[in-house]
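Here the structure comes first, spelled out in structure tokens, and everything after it is commentary.
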Amino acid sequence: MLSLKEVVGGYGEVQIIHGVSLNVRAGSVTALLGANGAGKTTIMLMLAGVLPVTQGEVLFDGKSMGAQRGHQRVNAGMVLVPEGRRVFPNLSVEENLRLGGIVPAARPTWKQRIEEMYELFPRLRERRSQAAGTLSGGEQQMLAIARGLMARPKLLLLDEPTLGLAPIMAQLVFDTIRSLNRSGLSILIAEQDTRNTLNLADEAYVVENGRITLHGSSDNLKNDPRVKEAYLGL
Amino acid sequence: MSFVDVFLSQQLLFATLVTGALYAIIALGLNLVYGTMRLLNVAHGELVMVGAYVGYWLFSVFGLSPLFSTVVVAAFSAIVGVLLYKFLLRDMLVRVDRRERLEANSLLLFFGLSLLIQNIVAWVETATPRAYQYMDHVYRFGDLAMTGNRIIALLVALAICIGVTLFLRWSVFGLALRSVIEQPEAARIVGVNVEQVHIVSLTLGFASAGVAGVLLGMMEQFSPFIGFPLAIAAFIVVILGGLGNILGGFLAALLLGAIETYGVALTSPNLRSVLLYGVFVATLMFLPQGLFAKRVSR
Amino acid sequence: MNVTLKEITVFVCLILAFAVLPFVAQDYAIGVGLAILMWLALTQSWAVLSSMTGYISLGQVVFYGIGSYVVVVTWQWMPLWLALIMAGAISALFALVVGLPVMRVRGPYFVILTFGLAELVKYSLMAIEAKMGISSRLLFGTPPIETIYWIVLVLAVASTLLLETVHRSPFGHGLRSLRENEEAAETLGVPVARYKLIAFILSAIIPGMVGGVMALRSSYFEATQAFDPMISITVIVMAILGGGDNARGPLFGVIFLVILSELLWTNAPQFYMIILGILLIVFVVKLPNGLLGWYRNYKHRAQGEGS
Amino acid sequence: MSLIQLEGVSKNFGGLRALAEISMTVDEGKILGIMGANGAGKTTLFNVIAGYLPPTTGNVLLEGKSLLGLRPDQVCRRGIARTFQIVKPFQNLTVMENLLTAAMFGSVLIRNRQQAVAHCQTVLKDLGMLGLADTPAHALTLSKQKKLELARAISTGCKVVMLDEVMAGLTPPEVSEMLGIIREQHHSRKLTILIIEHVMRALMQLSDRIVVLHHGERIAMGTPQEIADNPRVHEVYFGEQK
Amino acid sequence: AEKPPVRIGFSMSQTGPFANAAQDQYAVYEMWRDEVNARGGIDVAGEKRLVEFVEYDNQSRPEMSVRIYEKLITDDKVDLLIAPWGTPFQIALAPVVEKYKFPVVGNTSASVMLREVKPGYIWFPTAAIPDVMAVELTKLMQQNNVKSVAIMANVLSLTKELKTFIEPELKKAGIEIKFSTEYPPSIKDMTPMLAQIKELNPDAVLALSYPGDSVLYGKQAKEIGISSPFQFVALGASAAFYRKALGDSANGFVTIGHWAPDNPEWKNARKFYDNYVARYNQEPDYLNASLAYLSLEILEQAVAKVGLDKEKLRETIATDTFETINGKVKFEGVQNVITPTAFLQIQDGHLKLIWPDSIATSKFQPKAAIK
Ligand SMILES: Nc1ncnc2c1ncn2[C@@H]1O[C@H](COP(=O)(O)OP(=O)(O)OP(=O)(O)O)[C@@H](O)[C@H]1O
Ligand SMILES: Nc1ncnc2c1ncn2[C@@H]1O[C@H](COP(=O)(O)OP(=O)(O)OP(=O)(O)O)[C@@H](O)[C@H]1O
Ligand SMILES: CC(C)C[C@H](N)C(=O)O
Ligand SMILES: [Mg+2]
Ligand SMILES: [Mg+2]
């Protein structure tokens, strides 16, 4: 589904990612683990076309994404739920959702999709005409996830989706990811709740200082002593 | 004229509409450029001025109707907009390390551009004022008198304003545009083609400035140096109506038109600018986001 | 952050250079020097408000205009020094009176509001004068250019010192914080509203006095000249050309633009506006971070290569 | 005497009641945990105390004196600092400059630059951020920015600090480190702390007492153990999973 | 060896808000230079030398103009100076030429303030000084049976002064002022004023306007249907573009001007007119262009007599009588004391002098009502 080959990139002249290769198999959940500042968000932003890939190759569905700009990637089915939510603060919740489904591929089913999102997060329905900037932190996070799902992605890139969610909501998000995955969606997730993430994922990569240092099935990684110590806090 | 007469006068109403419509269409173009991309286009008035000249040339050399010229000018301005975007503006808008100084640099750029345009036109055409007579037959309906060109300008401006409003309201483009206004980066993430949005609003903005120029040239005299006050009027309207709020801009334009006619009729023409700027300044002091700011519930 | 000896030396040399100019040059060159000093005084003052707080004022001319008026109206019966003090004081008073509501307005709204405010003051004065039957004035016995030059030199130095002092003070640090994020600055204890007001007032005094002296440069006076919006725009253009938020940016920008346009209008009188327009556009493309940004980059590179 | 006292504080947004008649006290030197589902009103409570939002009804007192009508900067000068859940760093200033604002304007009010720098350096050192002093804030990762928020709040020299989800987005070892930092600061600076967290481990370990909000109402208050055993809290906050 | 050319310096509003008004004067300057050079040059006390211009744009800013003249005198060291456009610029110039004792003949300025300028190195040939105009205009109206007027005046100096001086004159003459108002230069729409004037239906409308608003008045008076037989517009109507902008509806407007080509006593008037039309393919402005040309004629005659010495030039200009396209000109103090104050009317697309009778080339015709 998605494969990165020796990808290099960063912010302007600062290089952060020094050659990362990874694969997300179709229909799988793949996790990115790593400490703060390891480069997970940077990889996500490069995938979404926000940051440039200076070397290496990104293949999605077999096609090179090098020349594809952000909106083309969304249209092709690769959607990012960014870290820090990035909702449109002065637009209403509903307008935020509609924007999530603005690419041509998703536009015909707008209305129905919004209803589905409201089913998933009833709180959003209650706040549908409130400006997104005035939502509570957790509500904004729900909105960001829902907005990402609006585009009917084939591959969903989740950057810390449960950040700031109460346990009950975080659980809901994990459950949702699992059921979305069952219905065929591929997922790449970066998340600090390592335990839950590994329970959910099929495969995982550990990122350190802009490089992949460990890779394996999540069951293997769960029992890897390095992971245990560094990311599970055992 | 007594108080009552003033309000009943059809002539004043007509004058308000014509002035308001002209302000509206000039401001519309600026709103699409400044309101959406934060490009401080101080050369907006020069675009209008060039529109007036092109209309004049086509009329006096080829005898083309200014109505036809609006189409030519719109197309021409749009092309200029695209070229400008491709060669000068894209970097400023898209490159992350340039966005910081976007407003500052765009001010400098457009200031340079306005000097350039003004002086090239002055060089080619001299600074001698121009005006021409087109459709200046006077139609009278009872007490109301209207020249043909003012009626036409009103109708064209109205049509364009309504057209653009409907387009922004009912097309996806309107929503995409608002997302770009809010957060260009997040807009890209959800799949908005940010560059396309930029180009469309820039071309729409430039085209409507050009058309406004043709309409203005039909009615008033012009010279290469009329641009600055026009740009200022446009900025006032755009800010009063709320940045990026197209409909708000139209209402603000109408309000200024009304002050300019009713306000002046009731007080004194000498107070024209005092009234206009007074209303503007007072409004912002009480409503720092303009007349039609969305108020977040508190 | 401390003042280095080198900086002081450069600054003192610059002042000396400007100080000897009237003794060695004829009127035209003094006129160019005067132009540099005048724009310097205006731009440094503008920077105290706009570069420090990020509130871009497009109405700097309002203080210049008010100051001009004070001096012109009192010209026949008040000594110049007193009139100049009044010019500064009345500009500051005006800033104080309108400051609170004006400084509540942010971003682009603030930019255009300040422009509108200057126009409002201009047209109000014109309407009042029209009522009194005045439309323009003649000034007799204006001082020679040298006198004007000395006063403006003092004002230019004062405004430079003012900006540098603000820049280095805790007050300036507060302004810079609120420029970055007003809400965060406020929760950290910065009295945001008061600081903005003070910055606004500080940016008003010297322009008021500059306007006062410069009104005496020509024997003919009318409101449209004293409140010419191009003055505000020129100030901003110079500050942007310079870049940065300390006194060096405006210094670069002012000297660069004045000398450039002087060279252009004297050598290519037919096309100098066209050339100037093109140069500004090229400038934005080539030096997007202003002269100061370019200079820093250049120094940075030079050092990088050296080590 | 209790340091902070809330008397029937309510906050309405239009028709929405974000806080309903909240009364409680926090004693000096204690840590109060605040929990509740998303949108329960936790951040709003901070906003009201910090002078950011005026309460619709009720009163907030610090050391027996009302804070009502004070602006946020005045509240800060009285000794209450806070962090923002949605971070608000001074993007183009360095980490040190970010902290200097706090030192120069907060309740310590150090106007001498050298002294202020020294003061901030100790804070950075305590938080293990000395190496970042000259990094511009925009180049920090989100979690570093959260840490910056904490450092900035502490640098004001406050008596009370309100922490809004400073641990969100940290890996478990990082959470442990942060717990250590907060405890350490609590002791060494004699801070009274109000802390909002969804990371339960942190809240349970740190808090002397915990208050639980739900739809703006206070539904429980007590020691961590009491809260952990409270069935209502379970139902609205943890869901079926324990 | 060939003598070096005579260098003549001036500043001009080539850009900015006054650029449009300054064009006529500039066109005349250029035409004159080429004419003189075609004749083999200017006569400098008996010796022919070519003429060369040293000119700079003042951006429509008087203080810029002052700087330019300082440069022309001290840096470029020109041989002669000619005037910039307009009252503000020429008044601002006075102290500079005073300081350097450099004589300049003014031209396109008109204001009672001119008389306050210290006599010495600058002179103003205009006959359109507002206080005298007020008297003459009142007489003209009286003679044509005007019993009531409406006045609307731009607050800029010339028209504002004219309003101030004409109101008492009208009262003295028993003409009723039915309506009187001022408006700012930024005016964009005159409907509110004109609607009221139409209702009052005065015998005369005095639109004391500047060139920009003169066109506006013409267009809107036609639209609203102002039918007063006497309609006056102050500035701009003497230029060719005014008739182009308004077409037939320009006919009948009375305006300021004391020159016309067809007065047989003004020797070179016709020749100037023909040359101008041949060169620019349009008529000169009867006010500004003729003033500009006659100021050059005065300078030329003075230089022919005494050469380039500044003091001698001053002496000559201040005391001699000159023969110009506008008849004889002689200065006392700063003012021209010969040329009479006069008015023009647009008749069938042509400008005619209609007042005073001593120089009139046609009679006043009431403005035809618009259908
Ligand atoms: N705008 C920027 N300019 C320069 N460097 C940056 C910028 N943003 C982030 N960095 C640097 O990039 C590195 C990787 O950051 P990234 O956000 O990808 O980490 P992360 O693994 O997502 O961490 P976290 O878990 O904290 O979100 C960090 O060292 C950070 O300092
Ligand atoms: N300015 C506002 N206008 C309208 N509603 C608002 C406003 N600010 C907050 N709210 C609403 O008030 C409720 C409480 O918000 P608050 O931010 O206090 O929640 P919270 O408990 O901090 O939640 P979280 O854990 O998600 O951060 C939310 O439902 C939010 O949508
Ligand atoms: C046209 C001139 C006689 C008047 C001059 N232009 C002025 O500004 O007053
Ligand atoms: Mg991250
Ligand atoms: Mg919260």
Side-chain angles (χ1 to χ4, degrees), chain B residues 1 5-6 9-16 18-19 22-23 60 115 118-119 122-123 126-133 136-140 143-150 219-226 228-229 233 257 260-274 276, chain E residues 12-24 26-27 57 59-60 152-155 181-196 198-200 211-216 218-220 222-225 236 239-242 244-249 280 282 285 370-371:
Chain B
M1 254 196 265
D5 289 345
V6 168
S9 162
Q10 299 164 1
Q11 198 66 49
L12 290 190
L13 182 64
F14 178 65
T16 301
V18 174
T19 312
L22 203 62
Y23 278 146
S60 52
L115 290 182
Q118 258 177 35
N119 291 286
W123 176 44
T126 77
T128 313
R130 306 277 179 209
Y132 57 98
Q133 294 145 275
D136 63 347
H137 182 71
V138 181
Y139 299 88
R140 292 188 196 284
D143 280 344
L144 177 62
M146 304 182 279
T147 38
N149 52 35
R150 305 227 299 162
M219 300 188 287
E220 293 176 18
Q221 70 162 339
F222 47 89
S223 82
F225 301 101
I226 56 164
F228 186 65
E260 189 150 355
T261 44
Y262 290 103
V264 161
L266 290 172
T267 58
S268 139
N270 242 345
L271 294 179
R272 168 191 181 263
S273 303
V274 177
L276 286 178
Chain E
M12 186 54 60
S13 302
Q14 288 290 20
T15 60
F18 300 137
N20 54 10
Q23 288 308 306
D24 300 295
Y26 185 62
D57 173 23
Q59 300 167 28
S60 299
M152 40 192 284
N154 190 318
V155 293
T181 190
E182 287 169 7
Y183 65 86
S186 54
I187 186 111
K188 280 270 141 39
D189 187 358
M190 293 181 169
T191 310
M193 285 183 277
L194 295 180
Q196 296 181 55
K198 182 183 159 83
E199 224 166 80
L200 297 168
D213 20 306
S214 297
V215 174
L216 187 62
K219 290 201 165 196
Q220 294 204 316
K222 175 183 169 190
E223 177 179 77
I224 307 257
F241 92 90
Y242 193 74
K244 237 189 241 163
L246 293 183
D248 289 345
S249 54
Y280 294 112
Q282 71 174 20
D285 179 346
I370 303 152
K371 339 126 242 169

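Order of the sequence lines fixes the chain letters, A, B, ..., with proteins taken first and strands second; residue numbering starts at 1 for each chain. Side-chain atoms are counted along with the backbone in the values below, which use heavy atoms only and exclude waters and symmetry mates.
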Response to the item:
Okay, E:Leu246 and chain B: the region with an atom under 4.5 Å from a heavy atom over there is backbone

Worksheet entry | Greatest number of heavy atom pairs closer than 4.5 Å to chain E - which of B:Ala145, B:Pro229, B:Pro224 | B:Ala145

Worksheet item: Of the backbone (N, CA, C, O) and the side chain (C-beta and beyond), which part of E:Asp57 lies under 4.5 Å from a heavy atom of chain B, both, or neither?
Response: neither

Fill in: Exercise: do B:Thr147 and E:Glu223 side chains pair donor with acceptor under 3.5 Å
yes

Worksheet entry | Structural part of B:Asp143 lying under 4.5 Å from a heavy atom of chain E | neither

Practice prompt. Side chain from CB out, backbone as N, CA, C, O: work out which of these in E:Lys219 comes under 4.5 Å of a heavy atom of chain B, or both, or neither.
Written response: side chain

Worksheet entry | Contacts of B:Thr16 that satisfy side chain to side chain contact (heavy atoms under 4.5 Å, CB included) - sequence neighbours left out | B:Ala258, B:Thr261, B:Tyr262

Practice prompt. Side chain from CB out, backbone as N, CA, C, O: work out which of these in E:Gln220 comes under 4.5 Å of a heavy atom of chain B, or both, or neither.
Written response: side chain

Practice prompt. Please look at B:Thr19 and chain E and tell me whether the side chain, the backbone, both or neither of the residue comes under 4.5 angstrom of a heavy atom of that chain.
Written response: side chain

Worksheet entry | Flag, side chain of E:Tyr242 to backbone of E:Ser214, donor-acceptor distance under 3.5 Å | yes

Practice prompt. Could you check which of B:Ile226, B:Leu22, B:Val264, B:Asp136 has the highest count of heavy-atom pairs closer than 4.5 Å to chain E?
Written response: B:Asp136

Fill in: side chain to side chain donor-acceptor pair (under 3.5 Å) partners of E:Ser186, counting only residues at least two apart
B:Arg272, B:Ser273

Worksheet item: For B:Tyr139, is it the side chain, the backbone, both, or neither that has a heavy atom closer than 4.5 Å to a heavy atom of chain E?
Response: neither

Worksheet, complete the sentence: When the 4.5 angstrom heavy-atom criterion is applied to B:Ser223 and chain E, the contacting part is side chain

Worksheet, complete the sentence: Scanning both residues in full, the closest heavy-atom pair of E:Thr191 with B:Arg150 reads OG1-NH2, 3.8 Å

Discussion item. Are E:Phe241 and B:Arg130 packed together at the side-chain level, in the sense that at least one heavy-atom pair is separated by less than 4.5 angstrom?
Written reply: no

Worksheet item: Which atom pair, heavy atoms only, marks the closest approach of B:Tyr23 to B:Gly257?
Response: CD1-N, 4.2 Å

Worksheet item: Judged by atom type as modelled, is there a donor-acceptor pair below 3.5 Å linking the side chain of B:Ser268 to the main-chain atoms of B:Asn270?
Response: yes

Worksheet item: chain B: which of E:Gly236, E:Ala19, E:Gly16 shares the most heavy-atom pairs with it under 4.5 Å?
Response: E:Gly16

